[in-house]
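This report refers to the structure that appears directly beneath it.
Naming convention: chains lettered A, B, ... in sequence-line order (proteins, then strands); numbering from 1 in each chain.
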Amino acid sequence: MPELPEVETVRAGLEKHVVGKKIIGVKQLHPRALRSDSLNKLTVFKNAKIKAVKRRGKFMWLEFDRPEVLVAHLGMSGQFKIQKAGSDNEAHLRAKFELSNGKEMRFVDQRTFGWLCVDQLEEGVPSVVSHIATDLFDPTFDKKSIVKKINLKRGQIKKVILDQEVVSGIGNIYADEALWYARIHPESIASDLSSTQILNLLTAAQKVMTRALAAGGTSFDELYINVNGESGYFERSLAVYGREGEPCRRQRTCGGEIIRIAFTNRSSRLCPACQTR
DNA sequence: CATGGTTCCTGCAGGC
DNA sequence: TGCCTGCAGGAACCAT
């Protein structure tokens with residue numbers, strides 16, 4: 001499930017393999033691979049030279065020697081792979097871009113929550129990304145003002161940090177991890193927390209995602225892989241996600257056991273002993 | 001405007 | 001063995 005560290009791993013992999021290359025052929029293999037509000041078909045990138053691969057939160061985009069940009073979101077199962085041109089198609093191959101160096105950049109997506117989109121930049125950011133907040137890896141991320149913003153929200157803290165318009169890049173896994181590190185119950189109301197608690201939470205999210213990035217990301221169910229098809233190794237370091245029924249890693253001080261509770265049609269994992277409301 | 005609920009999709013695990 | 005149900009999830013979209 002790609003969140004900020006996983007998307008950044010993919011972005012960096014693409015940057016290494018495709019910047020400076022020219023797209024010599026484009027093929028879309030699934031109608032929904034392209035967002036319905038795309039400004040054009042993917043073939044607009046034929047003969048375009050790739051200049052940069054950028055990212056905000058979980059959204060990334062390719063810039064070219066022309067005004068159009070290619071925006072991509074991995075959803076929950078999207079993958080970019082670099083393959084030798086003409087290799088067999090993957091089971092869920094959605095689009096492929098043949099490059100000038102004999103390779104292909106491929107977008108593969110089993111569950112079709114991911115998408116591609118032809119867009120244009122508005123003040124350096126694609127218009128479909130303009131409503132997305134800065135992420136915790138962004139040098140312009142303003143922690144103090146985001147803490148204030150979060151502190152005004154009346155919703156549950158987990159819902160707030162998953163809101164990509166408040167702070168971007170955090171998904172279900174790292175939300176649970178950060179809340180555990182900060183010892184905050186996911187159902188706590190954001191405005192009931194102190195600014196110190198919220199600051200600690202953002203710092204925890206930053207730290208856990210930085211460590212995850214260093215490990216190449218989290219590959220919980222093999223749906224996330226980097227551009228070379230390799231898994232990340234952060235899964236073994238998770239404190240709560242996927243650990244329900246197991247002892248809290250702070251057991252020496254709390255003695256708790258990780259539980260799973262319902263959260264807006266899905267789940268939260270937490271230690272009920274050290275994450276109190 | 002803020003907030004909360006629903007929906008899209010596929011594959012897999014578990015129960016019977 | 002095979003059918004059914006539930007679960008996994010990001011974010012657009014709709015309802016209140």
Quiz item: Which whole-number value in Å describes the distance from A:Phe59 CZ to C:dG10 P?
Solution: 12 Å
So which protein nitrogen or oxygen atoms get under 3.5 Å of nucleotides 1-9 of chain B's nitrogens or oxygens?
{"unit_1": "B:dT3", "atom_1": "OP1", "unit_2": "A:Arg154", "atom_2": "N", "d": "2.8"}

Self-check item: Nearest-angstrom distance from the residue atom CD of A:Gln79 to P of B:dT10
Solution: 16 Å
Exercise. Under 4.0 Å between any heavy atoms, over every strand shown, what does A:Arg94 touch: base, sugar-phosphate, or nothing? Just pick one.
Key: nothing
Quiz item: Does A:Leu70 share a hydrophobic cluster with A:Ile24, counting links as ILVMFWY side-chain heavy atoms below 4.5 Å and allowing steps through other members?
Solution: no
Quiz item: Any sub-3.5 Å donor-acceptor pair from A:Ser100's side-chain atoms to A:Lys21's backbone N or O?
Solution: no
Shorter than 3.5 Å, N or O on both sides, protein versus nucleotides 13-15 of chain B: list them out with atom names.
none

Quiz item: Is the backbone of A:Gly171 close enough, under 3.5 Å, to the side chain of A:Glu3 for a donor and an acceptor to pair up by distance?
Solution: yes
Quiz item: Taking ILVMFWY side chains as joined if any heavy atoms are under 4.5 angstrom apart, and letting links pass through other members, which residues group with A:Leu93?
Solution: A:Leu29, A:Val108
Practice problem: Give the other cluster members for A:Ile259, using side-chain heavy-atom distances under 4.5 Å between Ile, Leu, Val, Met, Phe, Trp and Tyr residues; answer none if it is isolated. | Solution: A:Ile261, A:Leu270
Self-check item: Rounded to 10 degrees, the angle between the two terminal axes of the helix from B:dA2-C:dT16 to B:dC16-C:dG2, each from five pairs
Solution: 50°
Self-check item: A:Glu63 with A:Lys51: basic N within carboxylate O range, under 4.0 Å
Solution: no
Quiz item: Rounded to whole angstrom units, what separation is found between the NE2 atom of A:His73 and the P atom of C:dC13?
Solution: 14 Å
Quiz item: Of all heavy-atom pairs between A:Arg56 and A:Thr134, which one has the smallest distance, and what is that distance?
Solution: NH2-CG2, 4.2 Å
Quiz item: Salt bridge check: are A:Arg55 and A:Asp135 linked by an N-O gap of less than 4.0 Å?
Solution: yes
Quiz prompt | Distance in angstrom units between A:His131 NE2 and C:dA11 P, rounded | solution = 8 Å
Self-check item: Nearest-angstrom distance from the residue atom CZ of A:Phe263 to P of C:dA11
Solution: 13 Å
Quiz item: Is it the case that A:Ser77 and A:Asp109 place a side-chain donor and acceptor less than 3.5 Å from each other?
Solution: yes
Self-check item: ILVMFWY cluster membership beyond A:Phe59 - transitive side-chain contacts under 4.5 angstrom
Solution: A:Trp61, A:Val69, A:Val71, A:Trp115, A:Leu121, A:Val125, A:Val128, A:Val129, A:Ile132
Practice problem: Answer yes or no for A:Lys96 and A:Phe107: cation-pi contact, defined as NZ/CZ to six-membered ring centre under 6.0 Å and angle to ring axis within 45°. | Solution: no
Quiz item: C:dA11 P sits how many Å from A:Ile170 CD1, rounded?
Solution: 12 Å
Quiz item: To the nearest angstrom, how far is A:Asp163 atom CG from C:dG10 atom P?
Solution: 13 Å
Quiz item: Base, sugar-phosphate, or nothing for A:His30, non-hydrogen atoms under 4.0 angstrom?
Solution: nothing
